[in-house]
Amino acid sequence: CAQLPNLLSGITTSMGEVSLPIPNWSGDTYNLPFYYTSLVLLCIALSASWYIRHSKYGLILLAIRDDEERAQGLGVKVRPYKLGAYVISAIIVGMAGAMNAYFLGFISPTSAFDRSTNIATPLMAFLGGIGTLSGPLLGALIEVPLQQYITMQFGEQGWDLILYGVLFLVIILVLPDGIIPTLTRRRLLRKFILSEKDTLEILSTTSNDISIALSQLSSSSVPQETSVQIVSNDIQQPYRVPSPIPHHRSAQITLKN
């Protein structure tokens, strides 16, 4: 596929390389317009992704992703939604590609079949985390400098593509969900473990307090002596009788002969 445009260039001229006019602004600030244009496109892409993710359209896309046949059985028109998602992604990628073409100054059909680009693009998403907004950003920040370093160090020997493939396999095996989902899952797990630990500490403290209260209650319910006065033959003699009732009422009992 990479050599197909070169083979067809002799048949049709539209398959060859096309040069674009050089922008007429100063060379000192040549990169700044492209930088700000890229920043605007990035904000548009992130805003569109966030809005779609939190809308009904995004929920339908998630349902189609999880089980397309079941979503279609529930009455969802699958083809228009899939076509809409393709068109939205193609618009953003097309604007970025047009800006990149003017930045480079030419359009080459063979660049669409560049093996390093075809590996680096999914590698950004898999490295950061598919299905997240911040995942591809983090993957691009890590992967682009790494790609440039590998190309500069091992590009002449042709080892760069092999290293890309090895890195891609390592990420799939070690971090199948990406960096952001893995860190999020570990943070939630750590938070759950800490909450469980706090709960166990509270339960242990509460159980100790309950044990102390029960011991105090059991010690206070020991039969106490109740003062009883016995009167017999006009002789009053104090007599202490143990009473099982745990209160402090005194009673007088008069015994008559």
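Quick note: residue numbers are just sequence positions, from 1.
- Two residues are said to be in side-chain contact when any heavy atoms from C-beta on lie closer than 4.5 Å; Leu138 and Thr132 fail this criterion.
- The 12-atom threshold is not exceeded at OH of Tyr102, counting heavy atoms of other residues, nucleotides or ligands nearer than 6.0 Å.
- Note: Met152 CE to Tyr149 OH = 9.5 Å, rounded to the nearest 0.5 Å.
- Residues Leu20 and Phe106 are not in side-chain contact: their nearest non-hydrogen atoms beyond the backbone lie 4.5 Å or more apart.
- Pairing each heavy atom of Met99 with each of Phe34, the nearest pair is SD-O, 3.6 Å.
- A donor-acceptor pair is defined here as one N or O able to donate and one able to accept, closer than 3.5 Å; no such pair exists between the side chain of Ser47 and the backbone of Ile44.
- In this structure, Gly135 and Ile180 approach most closely via the heavy-atom pair CA-CG1, 3.8 Å.
- Here Leu62 contributes atom CG and Tyr57 contributes atom OH; the two are 11.5 Å apart, rounded to the nearest 0.5 Å.
- Proximity of Trp159 to Gln153: side-chain heavy atoms (C-beta onward) are nowhere separated by under 4.5 Å.
- Ile64 places none of its side-chain heavy atoms less than 4.5 Å from the side chain of Gln72.
- For the atom pair Lys191 NZ and Leu189 CG, the distance stands at 12.5 Å (nearest 0.5 Å).
- Residues Tyr36 and Leu32 meet the side-chain proximity criterion, which asks for heavy atoms closer than 4.5 Å.
- When only modelled atom types and interatomic distance are considered, Tyr35 and Thr29 share no side-chain donor-acceptor pair under 3.5 Å.
- Taking all atoms of both residues into account, the shortest heavy-atom contact from Pro181 to Gly129 is CD-CA, 3.8 Å.
- The shortest heavy-atom contact between Thr151 and Tyr164 is OG1-OH, 3.0 Å.
- Around CD1 of Ile22, the count of heavy atoms belonging to other residues, nucleotides or ligands within 6.0 Å does not exceed 12.
- Rounding to the nearest 0.5 Å gives a distance of 10.5 Å between CD of Glu68 and CZ of Arg79.
- The CD1 atom of Ile88 sits 4.0 Å away from atom CD1 of Ile52, with the distance rounded to the nearest 0.5 Å.
- When side chains are defined from C-beta on, Leu163 does not count as touching Leu167, because their heavy atoms never get closer than 4.5 Å.
- In this structure the side chain of Met124 reaches within 4.5 angstrom of the side chain of Val144, judged on heavy atoms.
- Atom CG in Asp177 sits 10.5 Å away from atom OG1 in Thr184 (nearest 0.5 Å).
- When the shell of 6.0 Å around OH of Tyr30 is examined, it contains more than 12 heavy atoms from other residues, nucleotides or ligands.
- When every heavy atom of Leu141 is checked against every heavy atom of Pro145, the shortest pair comes out as O-CD, 3.1 Å.
- Smallest separation of non-hydrogen atoms from Leu133 and Ser49: CD2-CB, 3.4 Å.
- Taking 4.5 Å as the limit, every side-chain heavy atom of Leu175 sits out of range of all side-chain heavy atoms of Val170.
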